[in-house]
Amino acid sequence: MEYNFREIEANWREFWAKNKTFAAKDHSDLPKYYVLDMFPYPSGAGLHVGHPLGYIASDIFSRYKRAQGYNVLHPMGYDSFGLPAEQYAIQTGQHPRITTKTNIEGGVDNQGNKIAGYRNQLDIMGFSFDWDREVRTSSPEYYKWTQWIFKQLFNSYYDETQDKAVAVSDLIAEFEANGNANVKATTDYEGSFSASEWKAYSEKEKEACLQEYRLAFLADSWVNWCPALGTVLANDEIVNGKSERGNHPVEQKLMRQWSMRIKAYAERLLTGLETLDWTDSIKDIQRNWIGKSIGASVQFAVDDSDKKIEVFTTRPDTIYGVSFMVLAPEHPYVDEITTSEFKSEVENYKATASLKSERDRQADVKNISGQFTGAYAIHPFSGEKVQIWIGDYVLASYGTGAVMAVPCGDQRDWDFAKHFEIEIINIFEGVDISEGAHTEKEGTIANSDFLSGLKVKKAMKLAIYEIETRGFGKGKTNYRLRDAVFSRQRYWGEPFPVYYKNDIPYLVDDANLPVTLPDVDKYLPTEEGEPPLARATQEAWGDDFAGDRMDFNTMPGWAGSSWYFLRYMDPHNENEFVSKEKVEYWKNVDLYIGGAEHATGHLLYSRFWTKFLHDLGHLPFDEPFQKMINQGMILGRSSFVYKKTLSIKTSDKNTKNRKAITLKDSPLILPKDTNTFYSFNKIPSKEALIEEIEKLNPGHISGSFNDYIDEICLTPFRVAIKYIENDVLDIEAASSDPIFDFLQGAEFIFEDDGTYICGHEVEKMSKSKYNVQTPDELVEKFGADTLRMYEMFLGPLEQSKPWDTQGINGVHNFLRKAWRLVHNRDGDFIVTEGEPTKEALKTLHKTIKKVGDDLDRFSFNTGVSNFMICVNELTEQKCTNKAIIEQFVVLLSSYAPHMCEELWVILGNEAGTVGTQPFPTFNPDHLIEANHKYPVSFNGKMRFMLELPRTLSKEEIEKEVLAHEIAQKWLDGKAPKKVIVVPGRIVNVVI
RNA sequence: GCCCGGGUGGCGGAAUUGGUAGACGCGCUGGAUUCAAAAUCCAGUGUCUUCGGACGUGCGGGUUCGAUUCCCGCCCCGGGUACCA
């Protein structure tokens, strides 16, 4: 029988599905192991070969863990709320629910495109997912519990005394008993009230106060508003001042929004990182994002005013270096403190600053701007008057939105002072600050009263002490992490379990969850600018409707993904989000595989929610993902054909049109555009092209032409990679595709062998670049086992690498060779019983050791190499021994499960059991040899190999080596200075 | 600018604790088989070479008997972040 992968793979997939071979048991005496993949958003474009990379690795690892005797939880689901389905709905009117279902289950979209379906695409890869546990974040059964968790957050506040989340009902009880005097909570509330005052508050006032404590709260906050998307965005959804999705501009807007008080967890999110087995790079990204800085908050009184400006500084030791203050233009005090003399200038500056987009401000780092307000602050220690300025280098959203400027110790303050000719006080002993600030946190403080003569570190401590004892402020830790905006003005997301009565938000009762997403007539904002859900009629909300109105927002994408790993443990539980018993058994994720791009979004929010649910006693752990591996991106390899229509880039920025290029006032004459395509190795050189142009422009082109013209080349056109094999273009097939009909009737300059060779470039895989490779095509051509092994063979999992199918034959051949190990030329099955040879045992055990070690360190690519070496050796040995082959099949089964199941049955074993066989045990005895081949080096350079018995002593080895004729030659009669002998390894002779 | 990764043949990559640099695969070259092609098999394949050997892991130094691996300085590429007070 030939290796008929199509038939074999189809049969086994059916077998696994029918027998639920990979179902995880919730009750087991076996130790548990939880392997999780980041679940995908099911887009209409389907999977390309980059997506399954991580899934293949996690699948291999799951199978390995099962072989090691673990009860493995390895689920898959869909992060199925999201923008693309909604955009599609806006364009086509099709309900996102339907689009989403089609994208998952396959079918035809309403434009007639065939959709393969994520599930089908995943299935053909032979993954050992426990599909009975599938979750979809957009299903009401799932988001019921997302809403429930939101309610817990709403009903909790962060108690800083206990350092955990506590029920708001406890807080209310405390307010009723003692007011807020003894409450130490993470809050935006600044006032104080007594118990009787609290009791006198109206319901509305009470709720307004509580909102400032709740972990999920409504607040008017400056949000990132994206007009093009019609929604607010979280900080992590913005890249370079534009929306991550669609690259639209984002502006600051004050809006009433749901937020999450993630700041309360800043310190725990930071320290928790130390317990995690994640890459340093991801941990660093999170550390930077949290952005802890230690210093002091100091109050500066404003002269002739009762206002006090609070600043945060990390350098309280430099307080005597303060020569001015700067407020953010948006700072609330600006209008009040500005003197009449400077009113109009300040107004102008504020207007200019507000017009500048976030992006402009970033681009404008070099441009120093600011405006004096006319007001002065009183230095708390020296009592001197310092000018108060506003400047857009101070951000309203960080710290207190105001800084004490110390130009001698901060470069930005220094630049500002220089620019506006403000005094620069030097408070560093023996440091020259004429050319720039002294920003290092070292040196001795001078010219600073009680701080003079102290080293920076000591001065900092003393300064904070004095600031506190004299009542100017206190030591403080500041975090860059902002509270996370949790509302989105979109349709396709979780509705909030919230209704309003007299503008007071109330939660929907647990018994009435989920609040299901109502149908609407259009997926667009209302004419009044309300979110799409405002379109839903009371009937559309059905029984969910309560109060005056429902909340019109939906939750952001990260709501559902923050806890999905918990739901897999207990996906059908109707009474709890996960049962205590099950979460107690499965605990947190042991291995999480996914992209590094979620470092500041999903990975931070999941940690936040996990810690929160832990605080409430629902989870026995407070970190969701113990170990994480970030797979690299698979890049596309785009192919190009080259048409002889010259592309010219000039250093002259004004010349956009190549035909407008002029030389010595007369237009540059270019060779006529042709319809001729040059094969890659036949492309005329730049010199040849210039020569051609010279002929057309006699006397105009000189040596300076090369300086003037940056680049001159044929015009490249992309061609879909499906028409290309080993860079050879199938002209006939490509030109019959309407997208590439420009090839029809074109002339071609071929290679000498008559083929047309394409050029290529490595870039991101995308539809528009015609370089997308789907797994489906490759599975059809080579089989899933080949694709699985090839994706692993490509290189280390964590590294980005270009996709190139050229090597896939090599892996396919390996599997055929493995198949032939037990089949003769006629395809008949052949194995021999009896004792294996010593050689075969050595090969097998060497492979067991290496493959096992490779799996333990997630080195899947070297694992594939080791299988290849094993098969090469066994083939050479003509080994057909059953015992050896069986062990080999078990070893290989995690990588190539279909073929191994088949071979396992052919070998006479029970169907479907290869995956539960114990991982073969390594026996080092089989590797021990009587002799060792010593590499013998002279001065560190290997000269010859010498096989010697392992029993020899150092002295005997040295004697044998020196007596060897090649050694004699290298010694050339001289005595060696030294001989290093590492028994069982190497010999190095120093001469 | 700062913080993380990374730089090894024509290509993807290997070398796990400082011990034979280039495993394995692709590609390429030659040969066998074939009417021919595909497939398969065999041999070769870092560079230079006076065929003795010399050089060789981004560059320059250092430690060591021995460095892709450790240390110092620099260059380049990828990712993150950026008036963060």
Considering only atom P, compute the distance from B/rG56 to B/rC48 and round it to an integer number of Å.
15 Å
According to ring-ring contact (aromatic ring centres under 6.0 Å, His included), who are the partners of A/Phe640, at least two apart in sequence or on a separate chain?
none
Could I get the full list of ring-ring contact (aromatic ring centres under 6.0 Å, His included) partners for A/Tyr398, not counting sequence neighbours?
none
Please work out which of the three classes, parallel, tilted or perpendicular, describes the rings of [Y] and [X], given edges at 30° and 60°.
X        : Y        : answer
A/Trp803 : A/Tyr790 : perpendicular
A/Phe420 : A/Phe416 : tilted
A/His812 : A/Phe782 : perpendicular

Under 3.5 Å, N/O pairs linking protein and nucleotides 77-81 of chain B:
none

Identified side-chain contact (heavy atoms from CB on, under 4.5 Å) partner of A/Leu946 from the options A/Lys933, A/His964, A/His932
A/His964
So which of A/Val990, A/Asn988, A/Leu962 actually passes side-chain contact (heavy atoms from CB on, under 4.5 Å) with A/Pro976?
A/Leu962
With a 4.0 Å cut-off on heavy atoms, is [X] in touch with a base, just the backbone sugar-phosphate, or nothing at all?
X        : answer
A/Arg943 : sugar-phosphate
A/Arg482 : nothing
A/Lys292 : nothing
A/Pro802 : nothing
A/Arg287 : nothing

Could you give the NZ-to-P distance, from A/Lys969 to B/rC51, as a whole number of Å?
14 Å
Would you indicate which nucleotide in B/rG13, B/rU16, B/rA85 comes nearest to any side-chain atom of A/Gln799?
B/rG13
Candidate nucleotides B/rC4, B/rA85, B/rU16, ranked by approach to the side chain of A/Tyr398 - the nearest:
B/rA85
5' to 3', nucleotides 19-28 of chain B under a 4.0 Å protein heavy-atom cut-off (B base, S sugar-phosphate only, - none) gives BB--BBSS--
To the nearest 0.5 Å, tell me how far A/Ile830 CD1 sits from A/Lys878 NZ.
11.0 Å
Just verifying a value: how many Å separate A/Trp289 CH2 and A/Leu481 CG, rounded to the nearest 0.5 Å?
8.5 Å
Should A/Glu267 and A/Lys292 count as an ion pair when the cut-off is N to O under 4.0 Å?
yes
Would you call A/Lys850 and A/Asp853 a salt bridge, taking side-chain N to carboxylate O under 4.0 Å as the test?
no
Does B/rG22 sit syn or anti, given that only angles within 90° of 0 count as syn?
anti
Quick one: classify the glycosidic conformation of B/rG52 as syn or anti, with syn meaning within 90° of 0.
syn
For B/rU29, which nucleotide is its Watson-Crick or G-U wobble mate, given both distances must be under 3.5 Å?
B/rA43
Across all strands shown, which nucleotide pairs with B/rA36 by Watson-Crick or G-U wobble geometry, both distances under 3.5 Å?
none
At a heavy-atom distance below 4.0 Å, what parts of residues 402-419 of chain A sit against RNA chain B?
A/Val403, A/Arg412
Enumerate the protein-to-nucleotides 58-64 of chain B contacts in which both atoms are nitrogen or oxygen and the separation is below 3.5 Å.
none

Side-chain N or O of A/Arg820 versus OP1/OP2 of B/rC41: is the shortest distance under 4.0 Å?
yes
